[in-house]
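Computed from heavy atoms alone, side chains included, the values below leave out hydrogens, waters and symmetry copies. Just so it is clear: chains get the letters A, B, ... in the order the sequence lines come, proteins before strands, and each one is counted from 1.
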Amino acid sequence: MVTIIPEIIRESITNLVKNGERSDGRAFYEYRGISLETGVIEKAEGSARVKIGNTQIMIGTKPQIGEPFPDTPNVGVLMTNSELLPMAAPDFEPGPPDERSVELSRVTDRCIREAGVVDLDKLVIIEGEKVWMIFLDLHVLDYDGNLIDAAVLGSIAALINTKIPETRIEDGEIIVDHEKMISLPVKEKALMTTFAKIGGELIVDPSLEEEQIMDARISIGIREDGSICAMQKGGANPLTKEEVIMAISKSQEITKELREHLPKN
Amino acid sequence: MVTIIPEIIRESITNLVKNGERSDGRAFYEYRGISLETGVIEKAEGSARVKIGNTQIMIGTKPQIGEPFPDTPNVGVLMTNSELLPMAAPDFEPGPPDERSVELSRVTDRCIREAGVVDLDKLVIIEGEKVWMIFLDLHVLDYDGNLIDAAVLGSIAALINTKIPETRIEDGEIIVDHEKMISLPVKEKALMTTFAKIGGELIVDPSLEEEQIMDARISIGIREDGSICAMQKGGANPLTKEEVIMAISKSQEITKELREHLPKN
Amino acid sequence: MVTIIPEIIRESITNLVKNGERSDGRAFYEYRGISLETGVIEKAEGSARVKIGNTQIMIGTKPQIGEPFPDTPNVGVLMTNSELLPMAAPDFEPGPPDERSVELSRVTDRCIREAGVVDLDKLVIIEGEKVWMIFLDLHVLDYDGNLIDAAVLGSIAALINTKIPETRIEDGEIIVDHEKMISLPVKEKALMTTFAKIGGELIVDPSLEEEQIMDARISIGIREDGSICAMQKGGANPLTKEEVIMAISKSQEITKELREHLPKN
Amino acid sequence: MITIITNNELSTGIETSKRADGRAFDELRPIKIEAGVLKRADGSAYLELGGNKILVAVYGPRELHIRRLMQPNRAVLRCRYNMAPFSVDGRKRPGPDRRSVEISKITSEALSPAVFLEKFPRSTIDVFIEVLEAEGGTRCAGITAASVALADAGVPMRDIIVSCAAGKADGQVVLDLSETEDKEGEADMPIAIMPRTGEITLLQSDGHLTSEEFEKALDLAINGCKKISEEQKKAILSRYG
Amino acid sequence: MITIITNNELSTGIETSKRADGRAFDELRPIKIEAGVLKRADGSAYLELGGNKILVAVYGPRELHIRRLMQPNRAVLRCRYNMAPFSVDGRKRPGPDRRSVEISKITSEALSPAVFLEKFPRSTIDVFIEVLEAEGGTRCAGITAASVALADAGVPMRDIIVSCAAGKADGQVVLDLSETEDKEGEADMPIAIMPRTGEITLLQSDGHLTSEEFEKALDLAINGCKKISEEQKKAILSRYG
Amino acid sequence: MITIITNNELSTGIETSKRADGRAFDELRPIKIEAGVLKRADGSAYLELGGNKILVAVYGPRELHIRRLMQPNRAVLRCRYNMAPFSVDGRKRPGPDRRSVEISKITSEALSPAVFLEKFPRSTIDVFIEVLEAEGGTRCAGITAASVALADAGVPMRDIIVSCAAGKADGQVVLDLSETEDKEGEADMPIAIMPRTGEITLLQSDGHLTSEEFEKALDLAINGCKKISEEQKKAILSRYG
């Protein structure tokens, strides 16, 4: 569905930014209020409900025993899936994931995978034969802008919250012991920050209104040591090299603050 | 497809009912003519062609050896599927089953399953490993109202008609002996009757015309001992408690008569 | 998408044919220029790029080890698939194969299968358990008429070009030796020729323009010994018996010439 | 072979008169309803009933783009019942299945009688029910929450539909079956009613009931509905009161 | 491992000159056609040919809602060939597969030449062919039955298309192959003709035929078509005569 | 159990300073671009980059039939990135997967800034990218070829977008990763730029890079883009010059 933004709104938001202001009063590098709860779904082995402003995602994890991929026989599997539920916005429609939903899950997945968030080596049950597959499902409940940062923040929290049953081999048989639940081995807490380019300026955590009129978008994934694990540009207008470098540098600062919201593991 | 019924037809049928009459001359609790043939498809292990008035359904069964569901390792499997063929009505369209088709197969399935029509315990070949799966396929050929009652009546007949090969285990191998065909263990003949609410009255076996203008619908599944095994309300208007109780009581009488149409097993 | 051909074009092409001519100057039984290269895709175990006039198809083969069909446990499997890519014509649309695409792959498949092109007996690895499955994928790049003849010619070339790894059994294990690649056992080079009926005449290798206005189409598959292995009529008008017999007789001549384009095996 | 050692907390609690989870035969599970919990939706509600967690959003009345669904003289009420992949033991594959298609249909029929659909010809009212966590009785919980979300959206209604199940478990006719009672019990009968008139807008039954048991279960379910109806009103009031 | 003991009645009947089922080389299987067997459809027909049981319904000419299929100067004739899940040994999964898509296409092309499509611009005529039981030669049986259903629907036609196969089995060119002959035989060649002119509207061939065998098979199939054509006329007459 | 003996030609070539395939850190694979290679398409291009073989067709600007995609004030640029089943080791199943859906989206965003979309309201420009053979870096190769195909189609553009990746492999920041370097390396960063202004229209990154490595990689990729840009111009000129 095409959403037409009146030119007057575009101009008004752009002019504000040019004057160093945002329509909701935030500073350029200021996030909206963040709320993060974990363990909210008892039937999920791990879960988190994250809110950034009014944007709200419920995330749950489910472990399953399965076979490793043939080319990586000695590591477990992480599968990230997202649904932009029709409940979350008037223009989201039921049906198989569209390109926005696919991009969201793939960017989240890359950030987590490339940063080495989960120690997949420890998810092997029998080498080359049986491993834990962790399904990470993102259920987008309310869409008010900046899904990517919410998705990564909530996913890391849900993974930290995840407990899987201990397994052992007895007489060639796998024993899955639900009485001994162990934490998922999370060894890195990479996070992403997203910037919108409006009126030639970069602002962090764009609201829906800002997303609708932005020229471009850049999301940066930063590991705890400040290195870059993922990037994704979006939007139909270009960015300069300087803007990208500035976004990275700001991300390195901001992710430190964001990380404070995460539970301890 | 939305079918618009002229207001004049609605009024005419409703007024008839209010005067104790139906447009085809039937009494309120009278079925249209019923015809039921079994064994009509030689390649099906069981089959029945059922007609209630002009409504016509062909039903076939197919046994397959498969694995039991993990949570019920010691019983066989019954799978009910229905297709509202585009041949059966001008507004039925090709494609995956729509909600009417799904409701038809699920209500039929529940009535058969919950009444214990087939003795699923006897369909086990090797406990926890191999069982018979009986596919029950409903092919709706002509739609002139009241599919549910026709579906259940025809399904019970097709199940009674079904013969599956004897199996035995020799040297750890399953022998499927098509020379010794045995009847499917049918131990209960539950049937359903459907009532339409029109002009404040309940009438049984609604024709298409009556279905199109009815306020609500209630289908009751009754076992041979008179107990209730399934119910399904339909339609966009409510029923009173008294109407439901009356429908149950009438069903208990009418299913006895309906059951006379079934073949002996 | 419905393509409307102006009546004037229809008449002009038809009148030409009635005068013994074709719009591109060819004789009735003359093909457009044919180009055929093999081994063009290094990652494919076999490949061919075929052009007949501007019609262009890329064909690749992929072997996989799989299980034989239960009713033919001692032969390998050949799977033919085609995609009329949206790049190939303005009215081809992305999505699952439509009826034209299905017809193309099924006619190609039948010609190859019924003529016994590939010696499927030699593709067995372990009788009844493991066989080679050869996937033959037709990627239609540019559609300017007569896909069937191009598809069959290119497929035979790709099959001749195909090399699969040698297999042997050691200690009950299948060894797939990519260091020893052997040619696919191609034992017959059947080809198809397609005729369009226009103005009461048969012409071979119809161009797109001719296809769009033709009355009917007939494709004949001929083996090296001149016998018929496949036929497929198309189009919404009839053919006479005499026309069909004439088409067969011409096909027997023309396929001999076409066969010269094939690489040696 | 894989052996699974479960940690089944409920399995030791079965006693004589009381139910496995300690409730009386006519006792509901703890319930909590909140209206207006989402920003973008026109109306929304969140409901917890025992271990069930249900979120509902309502959009509309709004323009209906799909012509063949359009009704010239009234709005259509479309419902989509959906379970989150993480809402159950094991993972539910995303997307509709036959169960959710049927529940969506009967949910729409259960809610329609209360809505003044005739006020909005050629329109749609869309109800999205998300089961975030399931513990038996999600279809009733979804209908109950959907009514609150419709009210929150300001959709004009004759009444606030309310839904609840009764059934038979351990030989006893009981109200509001838990997941275990539903799975192991003899019958489950979800209903929905218009609380003002007591008229029934949803009725299904699954399992084995005599006529007497049916009447007892129906009365129990109607009583349960009335209790839940009070919670619905509180939720709406605390949002707008 | 599963071993299957079959009860193959036909396997003992193979003799020298006669065919496995006792027919002469130019003999059709028993055939029965009935027109007007369905209430809702505009036209319908039921056909049995040997073990084949085919039901066809026709709707139209009627309005075509899908714009990109619409023809400004004539009707489109849409066919849907479908096999019931119980129509074959083993269960056929519901829904179209590649075989049924191709048969639907060539069936439409086989029937179109006989129908005055130009009388109904921007319309559709829908032909639904249901194979209730299959025993070899269902596509021909479907076309034959569809023609009768079109006539029953009152669709104006130049001729009643008729279809039949010939082929080669056990080294012999034969008419109307049974399922066994089709599976084990050397070639199968289904055709359809306009009986008045003898023109060919369907022609496919599968298998190995010399030019001489082809001509023999073609003549055989044309003769078969003519016999079946008589049965079609009888069915139409007995409905309307 | 199946054991596979591979015949891996590249595996012996790894040395110290040079890359596995002998290239310098800032060296592109051999590249070849040709414009105007298809008859039916409005514009087309064929590109080889190392072992990659990419074919692109452009249709449009043309009428957009799907209403909900239509933009009242500009054209939409739709891209479809697709891999042939035979383009990779093992067979790729036909049809879109999540990877191709994402690449299609970012390709459209990478190309859009260069096209005067505002000249063609309510229209579509369709770009079909077919990967005939894949050897690492297909998304960049597809964007580079698509620009040439757009030019060949005569679509008015501000600039010819060009795309190239840099990344880190064997501890070294390198240009234009091969398939092996992509799989075994530490990071891959595809970009696309408008060569006239140097502005970035595509930027993704996968893997582990410090800020310094990132800047080095970005400069390397921009330089690579500039070299490829020359090849694009040659291809367009040799078609029209």
Side-chain angles (χ1 to χ4, degrees), chain C residues 1-4 7 70-71 79-82 91 93 96-107 109-111 113-116 128 188 190 215-223 225-245 247-249 251-252, chain E residues 2 4 67-74 76-77 79 89-90 96-106 108-115 117 159 161 183 186-194 197-215 217-219 222:
Chain C
M1 188 68 74
V2 176
T3 312
I4 309 298
E7 202 45 43
D71 50 341
M79 310 278 280
T80 305
N81 184 58
S82 76
D91 60 327
E93 278 170 31
D98 72 352
E99 58 172 35
R100 292 178 296 188
S101 178
V102 166
E103 188 185 35
L104 179 64
S105 55
R106 282 182 58 86
V107 170
D109 181 72
R110 277 204 294 270
C111 180
R113 182 186 308 273
E114 297 296 335
E188 164 63 46
D215 290 318
R217 188 196 76 204
I218 178 96
S219 303
I220 318 275
I222 300 288
R223 289 163 45 125
D225 66 2
S227 62
I228 303 160
C229 59
M231 283 194 288
Q232 182 89 346
K233 183 199 166 291
N237 283 294
L239 293 170
T240 64
K241 182 181 156 182
E242 292 68 34
E243 286 163 349
V244 173
I245 287 169
I248 290 172
S249 148
S251 286
Q252 288 165 332
Chain E
I2 299 179
I4 295 177
R67 211 174 215 168
R68 68 194 165 75
L69 297 180
M70 215 181 262
Q71 296 277 9
N73 52 356
R74 57 183 191 85
V76 295
L77 183 80
C79 293
D89 293 325
D97 54 20
R98 282 153 51 119
R99 177 176 171 277
S100 71
V101 167
E102 187 197 1
I103 293 180
S104 297
K105 176 180 193 286
I106 58 111
S108 166
E109 291 173 338
L111 293 170
S112 289
V115 180
L117 296 171
D159 204 348
I161 298 281
K183 245 182 229 158
E186 294 94 289
D188 184 27
M189 188 183 79
I191 72 162
I193 63 167
M194 313 251 273
T197 62
E199 286 174 304
I200 296 163
T201 69
L202 168 81
L203 177 63
Q204 294 187 296
S205 181
D206 221 1
H208 194 178
L209 288 174
T210 64
S211 308
E212 295 71 36
E213 288 167 339
F214 165 73
E215 280 198 54
L218 184 57
D219 287 337
I222 289 172

Quiz item: Which answer fits C:D215, side chain, backbone, both or neither, if we ask what part of it has an atom under 4.5 Å from a heavy atom of chain E?
Solution: neither

Exercise. Measure distances from E:I193 to the heavy atoms of chain C and classify the residue's part below 4.5 Å as side chain, backbone, both or neither.
Key: neither

Self-check item: Any residue meeting side chain to side chain donor-acceptor pair (under 3.5 Å) with C:D225, in chain and number order, not counting sequence neighbours
Solution: C:S227

Quiz item: Considering only heavy atoms, which portion of C:Q252 lies under 4.5 Å from any heavy atom of chain E: side chain, backbone, both, or neither?
Solution: side chain

Quiz item: Closest approach of C:R106 and E:R98, non-hydrogen atoms and distance?
Solution: CD-O, 3.5 Å

Quiz item: Using a distance-only test with no angle check, is there a side-chain donor-acceptor pair under 3.5 angstrom linking C:S101 and C:S82?
Solution: yes

Exercise. Before giving the answer on salt bridge (charged side-chain N to carboxylate O under 4.0 Å, His left out), spell out for C:D91 and C:R100 the whole-Å C-alpha distance, their side-chain angles and the decisive distance to 0.1 Å.
Key: CA-CA 12 Å; C:D91 60 327; C:R100 292 178 296 188; 3.7 Å; yes

Quiz item: Ignoring hydrogens and geometry, is there a side-chain-to-backbone donor-acceptor pair from E:S205 to C:M231 under 3.5 Å?
Solution: no

Quiz item: Which pair of heavy atoms, one from E:Q204 and one from E:M189, lies closest together, and at what distance?
Solution: O-CG, 3.1 Å

Quiz prompt | Region of C:I248 in contact with chain E, defined by heavy-atom distances below 4.5 Å | solution = side chain

Quiz item: Among E:E199, E:E212, E:E186, E:M194, which has the most heavy-atom pairs under 4.5 Å with chain C?
Solution: E:E199

Practice problem: Under 4.5 Å heavy-atom distance to chain C, tell me which part of E:E215 shows up: side chain, backbone, both or neither. | Solution: side chain

Self-check item: Top of E:V76, E:I222, E:D219 for chain C proximity - count of heavy-atom pairs under 4.5 angstrom
Solution: E:D219

Practice problem: Could you check which of C:P97, C:A230, C:S249, C:C229 has the highest count of heavy-atom pairs closer than 4.5 Å to chain E? | Solution: C:C229

Quiz item: Checking E:S104 side chain against E:S100 main chain: does a donor-acceptor pair fall under 3.5 Å?
Solution: yes

Quiz item: Which atoms of C:I222 come close to chain E, meaning under 4.5 Å heavy atom to heavy atom: side chain ones, backbone ones, both, or neither?
Solution: neither

Self-check item: C:R217 bridged to C:E103 by N-O distance under 4.0 Å
Solution: yes

Quiz item: Highest number of heavy-atom pairs under 4.5 Å with chain C: which of E:A192, E:S112, E:G207?
Solution: E:G207

Quiz item: Which bit of E:L203 is near chain C, if near means a heavy-atom gap under 4.5 Å: side chain, backbone, both or neither?
Solution: both

Self-check item: Contact origin within C:R223 toward chain E - heavy atom pairs under 4.5 Å
Solution: side chain

Exercise. Could you have a look at E:V101, E:D206, E:T210 and say which one has the most heavy-atom pairs with chain C under 4.5 angstrom?
Key: E:D206

Quiz prompt | E:D159: partners by side chain to side chain donor-acceptor pair (under 3.5 Å), with sequence neighbours left out | solution = none

